[in-house]
Amino acid sequence: MPVDDNIWNLNSSSDRQHTEAYGSTEIFDASNYTFPRERIPLQMKDESKTPLVIVACGSFSPITYLHLRMFEMARDHVLENTDFEIMGGYFSPVSDFYQKQGLAEAKHRVRMCELAVEKSSTWLMVDSWESLQTSYQRTAIVLDHFQHELNGADGEGGVKLKNGEYKPIKIMLLAGGDLVQSFAAPDVWATADLHHIIGKYGCLILERTGSDVYEFLLSHDVLYKHRRNVFVIKQLIYNDISSTKIRLFIRRGMSIKYLLPTAVIDYIYEQRLYAD
C-alpha cells in the first residue's frame, strides 16, 4: 500500500466488533496498549468550529525535525485558512510487518517518536496501536482506528460542548507530496481505500521540493473528486531532511546533530541503531 516514510484480547463483544470493523482477524495483546488522549482538550475554544485531529502514518525510522515541522506547518495552515480547531496530532508508526529496508524495531521507533514530542510539544502524541499489530495495517484501517477511539464505534464520542452534547472530531491524514504522488502508482493503493481516506477523512498535503501537488490533484480522479477535502500546505522554508539520509550518515560515522532532536540522537547511539 502506501510508501509511508508512512494481540487484541477478544474477551468482550466490543473488542470483537472493533476487530471486525477493521477487517482484520489478527490478534494482538491489548493489555499493554492504551490510546493516548492526555493532550486532547476537554473543551473547545470556539464551539462554532469543527474539532480536528491530525494523524501522520509512516516509518519514522528515525523521526526527524521535518516530521515535527510538518505538524506545525499544518497547524498554521489550519488556523489561517479553515474553520477547524485543532485538538491534537498523532504519530502512528507502522508495525514491523511493513518490512521496509532500514526499519528499526517498532518499539524503538515508537520510543523515538515519544522522546521527540514529550518535552517539545503540548499537542502532539504517539499512538502505538498500528505498531503493535501482527500484520501490516492499511492507512484506511489506521484512520478507522482513530475514528473509533476518538468518536466511538457508534459516533457517541467526540468533544463535549457546554450544552452537554458531543461534537464529532474530524480526523485528517497528514502526508508529504511524495506520498500523495504514490496514489497514482499501480498496485500500491486500492481505489476504495483512497475514496475512504480522502472522501471520509481528508488529507493535509505538505508540498515537497520538486513536486507539483496542484497539478497532481487536477490529474488524479479520486483526489479531484474529493478536492474540497484536500488541503495543500506550502513550505515557506524548505526542509528536505530524510530518514534515509540520517541512516546513511550514521552508517558513515557522520554527524546528525541538529537534524533531529537531541533526545532521539542519544537514544539512537544508546541502542546502537542503524550502525549496520
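What you see is a predicted model; the values in this text were computed from it and never measured.
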Problem set entry | Distance (rounded to the nearest 0.5 Å) between Lys234 NZ and Glu207 CD | 4.5 Å
Problem set entry | Main-chain N/O of Leu103 paired to Ser59 side chain as donor or acceptor, under 3.5 Å | no
Problem set entry | Distance, nearest 0.5 Å, that separates CH2 of Trp189 from OG1 of Thr139 | 4.0 Å
Exercise. Are Ile250 and Leu248 linked, directly or through other ILVMFWY residues, by side chains that come within less than 4.5 angstrom of each other?
Worked result: no
Exercise. Closest approach of Val126 and Pro93, non-hydrogen atoms and distance?
Worked result: CG1-CD, 4.2 Å
Problem set entry | Pairs involving residues 78-97, ordered by first then second residue, that meet ring-ring contact (aromatic ring centres under 6.0 Å, His included) (sequence neighbours left out) | Phe35-Tyr90, Phe60-Phe91, Phe71-Phe91, Phe84-Phe231, Tyr90-Phe146
Problem set entry | Minimum heavy-atom distance Met112-Ile63, with the two atoms named | O-CG2, 3.7 Å
Anything under 3.5 Å between a donor and an acceptor, one on a side chain of residues 252-267, the other on a protein residue two or more places apart or in another chain? List them.
{"residue": "Ser255", "atom": "OG", "partner": "Lys257", "partner atom": "N", "Å": "3.2"}
{"residue": "Tyr267", "atom": "OH", "partner": "His108", "partner atom": "ND1", "Å": "2.7"}

Problem set entry | Polar contact flag, side-chain donor to acceptor under 3.5 angstrom, Ser128-Glu130 | no
Problem set entry | Sidechain-backbone polar pair: Glu85 side chain, Lys45 backbone, donor-acceptor under 3.5 Å | yes
Problem set entry | Over all atoms of both residues, closest heavy-atom pair of Val110 and Ser131 | CG2-OG, 3.4 Å
Exercise. Is a side-chain N or O of Asn81 found less than 3.5 angstrom from the main chain of His77, in a donor-acceptor match?
Worked result: yes
Exercise. Do any N or O atoms from the side chain of His220 and from the backbone of Leu223 form a donor-acceptor pair under 3.5 angstrom?
Worked result: yes
For this session: Find the distance between CE (Met87) and CD1 (Ile169) and round it off to the nearest 0.5 Å.
Result: 6.0 Å
Exercise. So, do Lys160 and Leu42 sit near enough that their side-chain heavy atoms are less than 4.5 Å apart?
Worked result: no
Exercise. What about Leu161 and Leu150, same hydrophobic cluster or not, with Ile/Leu/Val/Met/Phe/Trp/Tyr joined at side-chain heavy-atom distances under 4.5 Å?
Worked result: yes
Exercise. Are the side chain of Glu118 and the backbone N or O of Ala116 linked by a donor-acceptor pair below 3.5 Å?
Worked result: no
Exercise. Any donor and acceptor pair, going by atom type alone, linking the side chain of Asp127 with main-chain N or O of Ser92 inside 3.5 Å?
Worked result: no
Exercise. Which heavy-atom pair separates His67 from Pro62 by the least distance, and what is that distance?
Worked result: CE1-O, 3.7 Å
Exercise. Can you find a pair of side-chain heavy atoms, one from Thr64 and one from Asn239, that are under 4.5 Å apart?
Worked result: no
For this session: Indicate yes or no: at least one non-hydrogen side-chain atom of Arg37 is less than 4.5 angstrom from one of Glu149.
Result: yes
Exercise. In this structure, are over 12 heavy atoms from other groups packed under 6.0 Å from Gln101 atom CD?
Worked result: no
Exercise. Does Arg109 come within less than 4.0 Å of Asp96, counting only side-chain N to carboxylate O?
Worked result: yes
Exercise. Would Asp144 and Tyr201 count as having a side-chain donor-acceptor pair, cut-off 3.5 Å?
Worked result: yes
Exercise. Going by an N to O cut-off under 4.0 Å, is there a salt bridge joining Glu105 and Arg111?
Worked result: no
Exercise. Should Tyr166 and Val53 be counted in the same cluster of Ile, Leu, Val, Met, Phe, Trp and Tyr side chains packed under 4.5 Å apart?
Worked result: no
For this session: Would you indicate whether the side-chain heavy atoms of Ile40 and Met125 approach each other to under 4.5 Å?
Result: yes
Exercise. Is the count of non-hydrogen atoms from other residues, nucleotides or ligands lying under 6.0 Å from Asp276 atom CG greater than 12?
Worked result: no
For this session: Can you measure from CE (Met172) to CD1 (Ile54) and round to the nearest 0.5 angstrom?
Result: 8.0 Å
Exercise. Has the side chain of Ser61 got a donor or acceptor atom that lies under 3.5 Å from a matching backbone atom of Ala104?
Worked result: yes
Exercise. Is Tyr269 reachable from Leu273 through a run of I, L, V, M, F, W or Y residues, each pair having side-chain heavy atoms under 4.5 Å apart?
Worked result: yes
Exercise. So how far is it from Leu143 CG to Cys57 SG, rounded to the nearest 0.5 Å?
Worked result: 5.5 Å
Problem set entry | Lys49 backbone acceptor or donor facing Lys167 side chain under 3.5 Å | yes
Problem set entry | For the student: nearest non-hydrogen atoms of His196 and Ala140, plus distance | CD2-CB, 3.7 Å
Problem set entry | CG-CG distance between Leu124 and Leu68, expressed to the nearest 0.5 angstrom | 7.0 Å
Exercise. Under a 4.5 Å cut-off applied to non-hydrogen side-chain atoms, are Cys203 and Ile197 in contact?
Worked result: no
For this session: Locate the shortest heavy-atom distance separating Val117 from Arg39; write the atom from each residue and the value.
Result: O-NH1, 3.2 Å
Problem set entry | Heavy atoms from other residues, nucleotides or ligands near CG of Asp221 exceed 12 (cutoff 6.0 Å) | no
Problem set entry | salt bridge (Lys or Arg N to Asp or Glu O under 4.0 Å) against Glu72, all qualifying residues, sequence neighbours excluded | Arg75
